[in-house]
Each structure stands twice: as structure tokens, then as C-alpha cells.
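Below: the structure, in C-alpha cells.
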Amino acid sequence: MSDTPIDSSKRTWIITSACAGAVGGVATAVPFVSTFQPSERAKAAGAAVEVDISALKPGEKVTVEWRGKPVWIIKRTPEQLAELPKLDGQLADPKSERKPAELTPEYARNEARSIKPEIFVGVGICSHLGCSPSDKFQPGAQPSLPDDWKGGFLCPCHGSTFDMAGRVFKNKPAPDNLEVPPHMYLSDTRLVIGEDKKA
């Protein structure tokens with residue numbers, strides 16, 4: 001055994017330094033470990049979006065963001081709905097049979113491409129090169145549109161046109177209809193985009 005006396009001040013300093021080092025190590029580790037967790041923005045990017053459509057009037061559109069994409073919710077007028085079946089012969093995919101798993105959920109494979117006929121929910125991205133079509137709801141002759149235009153959407157980039165159900169007209173650059181995202185109704189005035197468990 002050694003007869004060397006213990007220096008209590010040195011011992012206290014060593015214990016204090018070790019404790020401070022441990023606290024500093026934990027303080028450094030917590031933010032580092034938290035970087036592996038998805039950010040709130042990343043979580044929101046794939047999360048379902050709930051929308052109140054109670055104020056939406058016939059002929060109006062609201063746009064929300066889901067997974068970084070613009071999603072249009074349109075309350076169609078009775079006149080707009082009545083025109084849909086009349087357009088089938090002019091459309092490239094009137095029954096939404098192309099890429100159904102990608103573009104049109106089973107519950108929207110109908111003339112209106114919707115759960116409720118008056119409400120259309122569609123991703124506002126053209127199937128040609130990813131531009132966002134413009135609203136052209138007003139029927140009649142207009143620049144870049146046919147004289148017998150019944151209302152719908154015009155992609156300004158290359159002239160693709162879509163009807164009020166997001167169905168693409170024949171002989172246009174866009175190969176497919178606009179995508180109908182998964183969605184469901186929580187009530188008559190609340191809609192969830194990104195989930196369709198109850199649809």
C-alpha cells in the first residue's frame with residue numbers, strides 16, 4: 001500500500017470534470033440522434049390532409065397540397081355534370097381504364113370520376129410533362145379552345161385539354177387523365193385526401 005495522501009481538491013476536480021463531460025456528451029448525443037427522426041415537414045409530406053368543403057359553392061374550386069402536389073376540389077354545377085356523358089366520344093380514356101391502379105381508384109371509375117357526382121377531387125398536374133393546367137370552366141369559344149368548349153382545364157404548356165372530370169381529350173400531348181388521389185368523406189362537408197379506408 002502506498003502512503004501517499006489523497007489530494008481531495010484534485011479528486012473533486014476530476015469528479016466534477018467527469019460529470020460535466022457526461023452531461024456535455026448527452027447534450028451532444030440528443031440532437032445528433034434526433035436527426036435520424038423524420039422532420040415534421042417530412043411527416044406532413046405523406047400525411048393525409050383534411051379539408052372543410054362546407055363553403056364550396058357550385059362552380060368553385062379550392063386547392064390544397066398533398067405530398068407536395070396541388071389537389072383540386074371542385075364542386076361541379078348540374079350543367080357541368082350533365083355535359084360529362086356527352087363528351088365520351090371526344091376523350092382518349094372516357095372510362096378511366098388506362099393505369100387504373102395509378103390514376104383512378106375503383107370508387108372513382110365512373111362518368112364523374114368521383115365518390116359524390118358533384119365533387120371532383122383531382123391532382124392538378126398534367127400527365128404530359130408535369131405542368132399545372134389552368135381552369136377554363138366557362139363554356140364557349142375562347143383562345144386555344146374549341147368553339148364548342150363545355151368547360152374544363154387547359155394545360156398552357158402544350159395545349160392538352162381535360163374535361164370537368166379530369167379526362168383528357170383525344171389527340172393531345174397528355175397521354176392520360178388527371179390522377180384522382182385516394183380520398184374519403186368524414187361527413188358531407190369534411191374530406192380527407194390521402195386515405196380511403198371507408199370509401
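The local environment of CG in N171 is sparse, with at most 12 non-hydrogen atoms from other residues, nucleotides or ligands closer than 6.0 Å.
Distance check, rounded to the nearest 0.5 Å: OG of S144 to CG of L154 gives 5.5 Å. Note that CG of L84 is 12.0 Å distant from CD of E79, once rounded to the nearest 0.5 Å. S187 contributes atom OG, which lies 8.0 Å from atom CG of D52 (distance to the nearest 0.5 angstrom).
Counted by atom type alone, R76 and S114 present one or more donor-acceptor pairs between their side chains at under 3.5 Å.
H183 has its side chain out of reach of W66: every pair of non-hydrogen atoms, C-beta onward, lies at least 4.5 Å apart. For the pair R109/P100, a side-chain contact is recorded, criterion being any heavy-atom separation below 4.5 Å from C-beta on. Proximity of I53 to I119: side-chain heavy atoms (C-beta onward) are separated by under 4.5 Å at one or more points. Residues K75 and K57 fail the side-chain proximity criterion, which asks for heavy atoms closer than 4.5 Å. Put simply, the side chain of E50 reaches to within 4.5 Å of the side chain of L186, judged on heavy atoms. A heavy-atom distance below 4.5 Å is found between the side chains of V51 and I193. With contacts defined as side-chain heavy-atom distances shorter than 4.5 Å, the pair S132/I125 does not qualify.
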task = Let me see the working for L191 and I73 under side chain to side chain contact (heavy atoms under 4.5 Å, CB included), right down to the final yes or no.
result = CA-CA 10 Å; L191 179 64; I73 304 163; 3.8 Å; yes
message = side chain to side chain contact (heavy atoms under 4.5 Å, CB included) for L145 and K136? Distances and angles first, verdict last.
response = CA-CA 9 Å; L145 293 169; K136 296 293 180 182; 3.9 Å; yes
Side chain to side chain contact (heavy atoms under 4.5 Å, CB included) evaluation trace for R113 with T104 = CA-CA 8 Å; R113 297 186 78 219; T104 313; 2.8 Å; yes
key: Worked check of side chain to side chain contact (heavy atoms under 4.5 Å, CB included) between V168 and T161   = CA-CA 6 Å; V168 68; T161 49; over 6 Å; no
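Ion pairing of K150 with D163 is absent here, as no side-chain N (NZ or NE/NH1/NH2) approaches a carboxylate O to less than 4.0 Å. Salt bridge annotation for K69-E179: present, with a cationic side-chain nitrogen under 4.0 angstrom from a carboxylate oxygen.
Of all the heavy atoms in P133 and P156, the pair that sits closest is CA-CD, 4.2 Å. Here the shortest heavy-atom pairing between A82 and P85 reads O-CD, 3.4 Å. Closest heavy-atom contact between V180 and A108: CG1-CB, 4.0 Å. Nearest heavy-atom pair across A174 and C126 is CB-SG, 3.8 Å. Pairing each heavy atom of Q80 with each of G59, the nearest pair is OE1-CA, 4.4 Å.
In terms of modelled atom types and a separation under 3.5 Å, the side chain of K170 and the main chain of G89 share a donor-acceptor contact. Side-chain atoms of D135 do not come within 3.5 Å of backbone N or O of F137 as any donor-acceptor pair. Side chain of S127 to backbone of D176: a donor-acceptor contact under 3.5 angstrom is found. Under the 3.5 Å distance criterion, the side-chain polar atoms of Q142 are matched with a main-chain donor or acceptor of Q138. A distance-only check finds no donor-acceptor pair linking the side chain of E102 to the backbone of K99 [under 3.5 Å].
Pairs of residues two or more places apart, or lying in two chains, that qualify as ring pair (Phe, Tyr, Trp, His ring centres under 6.0 Å) and include a residue from residues 69-103 are W72-F153. Sequence neighbours left out, the pairs with a member in residues 82-93 that pass salt bridge (Lys or Arg N to Asp or Glu O under 4.0 Å) are E83-K86, D88-K95, D88-R167.
L56 is not connected to F120 by any chain of hydrophobic side-chain contacts under 4.5 Å among Ile, Leu, Val, Met, Phe, Trp and Tyr, and they are in different clusters. Under a hydrophobic clustering in which Ile, Leu, Val, Met, Phe, Trp and Tyr are joined whenever their side-chain heavy atoms come within less than 4.5 Å, directly or via other members, I115 and V123 fall into the same cluster. Under a hydrophobic clustering in which Ile, Leu, Val, Met, Phe, Trp and Tyr are joined whenever their side-chain heavy atoms come within less than 4.5 Å, directly or via other members, Y185 and I74 fall into different clusters. Cluster membership for L81 and Y107, using ILVMFWY side-chain heavy atoms within less than 4.5 angstrom, is not shared. Residues F169 and M164 do not share a hydrophobic cluster, defined by chaining ILVMFWY side chains whose heavy atoms lie under 4.5 Å apart.
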